[in-house]
Amino acid sequence: MSDKSSDAPDRRAPVIAVDGPAASGKGTIARALARHFHLPHLDTGILYRAVALNLFRFGGDPGSEFEAMRACDLSSVSLDDPELRSEIVGSIASRISAYPAVREKLLDRQRRFAEQEGGAVLDGRDIGTVIAPDADVKLFVTAAVEVRARRRVAELLARGSPAHLEDVIIDLKARDARDSSRSTAPLAQAQDALLLDTSTMDIDDAIAAAIELAEKRLRDSNDRPSPA
Ligand code: CDP
């Protein structure tokens, strides 16, 4: 893999925002971008999943914004807990992430990560719009729902969980609708985000396309004269 970015003239380390719907490949792409540009990476979905797992363990009600907000103290959850990846936790995360009080509680941690000196890659739903609106590169990664569902099924089967394509399609559509229609920080392509539709790409092609888009965006902004 070429690494032209690292010998760019003394430019501050970039912030890269990767947004997109569930199972679009944004997590894998964000991790690959982080490796390529030698940047720290934050999967912001894991924070919402951690709140969901906390709530679940306390026996809290996902229908209560107050109880979900109280589950935002993440001191007793390890972000490496494999339970975070379970379908039940993902489904609770999708519900509690619509609460403004929950989003507000997780905001500072994400902003601090985005603003750290050495640059950063963050992936989520609202990185380019809310968390890091000034990011140097914004990618919006998407794919047709059937394609995303097939990927999610493969992922679940590989983890030993039973999965049925029809059920996963229904679930993804419900998550897309919830993510896009919530009033606070809905899933949306930032106006200056580059669209990457991975419907017909395998993951290696998608990663290569993302790196190319990011490098081009960084080169273009380097070439632009800086404001006086
Ligand atoms: O695996 P999947 O893409 O479904 O979800 P995830 O990225 O792990 O995120 C879990 C849930 O958190 C999603 O259903 C989103 O609704 C929510 N989320 C969010 O609202 N904002 C973010 N920046 C990241 C995730």
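Whatever order the structure lists them in is the order used to number ligands and atoms, beginning at 1. Source: prediction; values computed, not measured.
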Could you find the nearest protein heavy atom to atom 12 (O) of ligand 1 and give me its residue, atom name and distance? Y48 CB, 3.4 Å
Residue, atom name and distance, where the atom is the protein heavy atom closest to atom 24 (C) of ligand 1: T44 OG1, 3.5 Å
Which pair of non-hydrogen atoms, one from A135 and one from A17, has the smallest distance, and what is that distance? CB-CB, 4.0 Å
Any Lys/Arg nitrogen of D80 or R85 sitting under 4.0 Å from an Asp/Glu carboxylate oxygen of the other? no
For ligand 1, is R178 a contact, meaning one of its heavy atoms is under 4.0 Å away? no
With a 4.0 Å cut-off, would you call D171 and R152 a salt bridge? no
Can you name the atoms of ligand 1, numbered from 1 with element, that are less than 4.0 Å from a heavy atom of R152? 1 (O), 2 (P), 3 (O), 4 (O)
A side-chain contact here means heavy atoms from C-beta on lying under 4.5 Å apart; do K26 and D19 qualify? no
Going by distance only, is there an N or O of R103 that falls short of 3.5 Å from an N or O of ligand 1? yes
Classify the side-chain pair Y99/R182 by whether it contains a donor and acceptor separated by less than 3.5 Å. no
Can an N or O of Q110 be found at a distance shorter than 3.5 Å from an N or O of ligand 1? no
R151 versus T198, side-chain donor and acceptor atoms under 3.5 Å: yes
Is it the case that R175 and S94 place a side-chain donor and acceptor less than 3.5 Å from each other? no
Looking only at protein heavy atoms, which one is nearest to atom 16 (O) of ligand 1, and what is the separation? D179 OD1, 2.5 Å
For R182, atoms of ligand 1 separated by under 4.0 Å from a heavy atom: 16 (O), 19 (C), 20 (O), 21 (N)
Starting from atom 11 (C) of ligand 1, locate the nearest protein heavy atom and write down its residue, its atom name and how far away it is, to 0.1 Å. A93 CB, 3.8 Å
Closest to atom 9 (O) of ligand 1 among protein heavy atoms sits G45 CA, 3.5 Å
Mind checking what makes side chain to side chain donor-acceptor pair (under 3.5 Å) contact with R125, not counting sequence neighbours? D179
Taking only Lys NZ, Arg NE, NH1 and NH2, and the carboxylate oxygens of Asp or Glu, determine whether R12 and D136 approach each other closer than 4.0 Å. yes
Close-contact set for ligand 1 against K26 heavy atoms, below 4.0 Å: 3 (O), 7 (O)
Which atoms of ligand 1 have any heavy atom of A23 under 4.0 Å away? 3 (O)
Which heavy atom of the protein is the closest neighbour of atom 13 (C) of ligand 1, given with residue, atom name and distance? R125 NH2, 3.3 Å
Enumerated ligand 1 atoms positioned under 4.0 Å from heavy atoms of R175: 4 (O)
Among non-hydrogen protein atoms, atom 8 (O) of ligand 1 lies closest to R49 NE, 2.6 Å
Taking only Lys NZ, Arg NE, NH1 and NH2, and the carboxylate oxygens of Asp or Glu, determine whether K105 and E65 approach each other closer than 4.0 Å. no
Do D43 and ligand 1 have an N or O pair less than 3.5 Å apart? no
